[in-house]
Amino acid sequence: MKFSMIFEAQMADPTPEHERQVLHDCVEQAVFAEEMGFDRIWAVEHHALKWYAHMSASEIFLTWVAARTSRIRIGHGVVTMPFGYQHPVRVAERAAMLDVLSGGRVDIGSGRGATRQEMSMYGVRPEDTGPQMEEALRIVASAWREERFEWHGSLDIGPGAILPRPVQAPHPPLFMACSKDESLRLAAEYGIGALVLGFAGADNIRHLRGIYDDAIAKRSGERLVSTEVNDHFSALCPTIVLDDAERARRIGLRGQRYFAESIAHWYGDGPVPDQRTDAGDDAAALEQGRERLVAKLHEAEIPVTPSYTGTYNADHAYGSAENAIAYVEELRRIGVDEVMCLIQMGTVPQEACMETIRQWGEKVIPHFRAARGE
């Protein structure tokens, strides 16, 4: 089992000054993650989602981190692939350059970038996001594999070459953001790794693992996007770990509530998230938010599923290192290949992020590596 961290550059009070501080704080966390034994960092790509994610140019962030580290893998979690956001050849070129400069440490996740806000910034149409993401994956994988490349589909490309060539032969591993059962089936059919949300808890992750494994077992190979298959299942794990377990839970639940409210704002027309550091009983607020969302879904005759309500679940790796070990042990039994820690949430102070990374590095990760005899 691998251990990673994901960065949104989420923030309350998004003044320019605080924004700059948070981005530098994320770099400090990523560099410390290598020291503490984490295997990988991931950085999202979102556009114009104030409060939720200020990581608009993740290739710059990841390059900055790569220059200050030597071992930890550098992951795009994810690149928005529809053509309006960026041309697939540019995606291939940027990733190959970073793979060279980092010594072959790059991973590439794909995503649709399908919020109305983001699509409006780039002139992307909702109906194009799925087909263009799939075609972009095929283009990028082919461009990396072939010394002289051309493509004739929705786009006419080449002939030409991707220069420089990536270090990882034939190309860096491919992944896909998966928030629903259907996207997991697609990732399996494409033959690429799944990056799944874990807010709904271990039982939902078990369900998602089953969906992915079943689709892998049934795939014919006709929809594989590359000759290289990557059946890697990575699950999100919200976590804050401190010596003071109650304080860790309090900070974690406040951060998760802010995260949930930010998602609700941009994905569900909810209000601007409450930016107070201390906003009262966050566990109760999460439950109330879940109840309101369930009522809204029922009213709209939309099925109530964990993909909608998961962010309001409070049962995560918050508390002491022992609490985190117990939660991760559930994920290990489920068959999670990678635990993707979400530590950097908008109201979580930097000192709590850094202490959480230290606790995972000194206590949680060694527990599982010792169990494997490493």
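Throughout, residue positions are numbered sequentially from 1 according to the sequence presented.
- Counted by atom type alone, Thr129 and Arg112 present one or more donor-acceptor pairs between their side chains at under 3.5 Å.
- With salt bridges taken as basic N to acidic carboxylate O contacts below 4.0 Å, none links Arg68 and Glu34.
- We find the CG-CG distance between Leu224 and Leu137 to be 12.0 Å, quoted to the nearest 0.5 Å.
- Relative ring orientation between Trp151 and Phe149 is described as parallel, the plane-to-plane angle staying below 30° on a 0-90° scale split at 30° and 60°.
- The minimum heavy-atom distance between His54 and Pro14, with the atom names listed, is CE1-CB, 3.6 Å.
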- Query: Taking it one step at a time, do His207 and Asp181 satisfy side-chain hydrogen bond (donor to acceptor under 3.5 Å, both in side chains)?
  - Reply: CA-CA 9 Å; His207 165 77; Asp181 292 3; 3.1 Å; yes
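- Using cut-offs of 30° and 60° for the angle between ring planes, the Phe61 and Phe7 rings count as tilted.
- Taking the side chain as every heavy atom from C-beta outward, Leu155 and Pro88 approach each other to under 4.5 Å.
- Other residues, nucleotides and ligands contribute more than 12 heavy atoms inside 6.0 Å of the CD atom of Glu351.
- Of the possible polar contacts, none joining the Glu8 side chain to the Val44 backbone as a donor-acceptor pair under 3.5 Å is found.
- Using a 3.5 Å distance cut-off with no hydrogens or angles, the side chains of Glu228 and Trp144 do not pair a donor with an acceptor.
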Quick one, Thr80 with Glu45, criterion side-chain hydrogen bond (donor to acceptor under 3.5 Å, both in side chains). Give me CA distance, side-chain angles, the key distance, then yes/no. CA-CA 7 Å; Thr80 52; Glu45 179 191 327; 2.5 Å; yes
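- Classified by interplanar angle (parallel below 30°, tilted 30° to 60°, perpendicular above 60°), the ring pair Phe259/Tyr52 is perpendicular.
- The side-chain heavy atoms of Val89 and Glu93, taken from C-beta on, include a pair separated by under 4.5 Å.
- Between Glu355 and Arg358 there is a salt bridge, since at least one side-chain N of the basic residue sits less than 4.0 Å from a carboxylate O of the acidic one.
- Remark: the backbone N or O of His47 is paired with a side-chain donor or acceptor of Glu118 at under 3.5 angstrom.
- Within the 3.5 Å criterion, the main-chain N or O of Gln168 finds no donor-acceptor partner in the side chain of His171.
- A chain of hydrophobic side-chain contacts below 4.5 Å, direct or via other Ile, Leu, Val, Met, Phe, Trp or Tyr residues, connects Leu236 to Ile263.
- Side chain to side chain, Gln350 and Glu28 meet the donor-acceptor criterion of an N or O pair below 3.5 Å.
- A donor-acceptor contact under 3.5 angstrom links the side chains of Ser320 and Glu322, judged on distance only.
- Shown here for Asn323 and Ala245, the closest heavy-atom pair between the two residues is OD1-CB, 4.2 Å.
- Heavy-atom neighbours of His18 NE2 from other residues, nucleotides or ligands within 6.0 Å: above the threshold of 12.
- Contact detail for Ala12 and Gln275: the closest heavy-atom pair is C-OE1, 3.6 Å.
- Residues Phe38 and Ile365 form a side-chain contact, since some pair of their non-hydrogen atoms from C-beta on lies under 4.5 Å apart.
- For CE of Met354, the number of neighbouring non-hydrogen atoms (other residues, nucleotides, ligands) closer than 6.0 Å is greater than 12.
- Distance alone, capped at 3.5 Å, is enough to place a donor-acceptor pair between the Ser183 side chain and the Lys180 backbone.
- A distance of 8.5 Å separates CZ in Arg40 from NZ in Lys2, rounded to the nearest 0.5 Å.
- More than 12 heavy atoms of other residues, nucleotides or ligands lie within 6.0 Å of CZ in Arg223, so this atom counts as buried by the packing criterion.
- Heavy atoms only, all atoms of each residue included: Ile192 and Leu174 are closest at CB-O, 3.4 Å.
- Taking the charged nitrogens against the carboxylate oxygens, Glu127 and Arg125 do have a contact shorter than 4.0 Å, which makes a salt bridge.
- Looking at Trp64, its side chain never comes within 3.5 Å of a backbone N or O of His24 through a donor-acceptor pair.
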Which pairs of donor and acceptor atoms, one on a side chain in residues 327-337, lie under 3.5 Å apart (sequence neighbours left out)?
from	atom 1	to	atom 2	distance (Å)
Glu329	OE1	Arg332	NE	3.3
Glu329	OE2	Arg332	NE	2.8
Glu329	OE2	Arg332	NH2	2.4
Asp337	OD2	Arg209	NH1	3.2
Asp337	OD2	Phe233	N	2.8

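- Between the side chain of Glu135 and the backbone N or O of Ser154 there is at least one donor-acceptor pair closer than 3.5 Å.
- Residues Pro170 and Arg145 come closest through the heavy atom pair CB-CG, 3.9 Å.
- Gln359 pairs with exactly one of Thr239, Val241, Ile240 by the side-chain contact (heavy atoms from CB on, under 4.5 Å) rule, that one being Val241.
- Judged by distance alone, with hydrogens and angles left aside, the side-chain atoms of Ser110 form a donor-acceptor pair with the main-chain N or O of Phe175 at under 3.5 Å.
- In this structure, CZ on Arg105 lies 5.0 Å from CD1 on Ile74, to the nearest 0.5 angstrom.
- Between the side chain of Gln256 and the backbone N or O of Asn313, at least one donor-acceptor pair lies under 3.5 Å.
- Side-chain atoms of Tyr258 and Gln10 form no donor-acceptor pair, as typed in the model, at a separation below 3.5 Å.
- In this structure, Asp39 contributes its side chain and Phe3 its backbone to a donor-acceptor pair below 3.5 Å.
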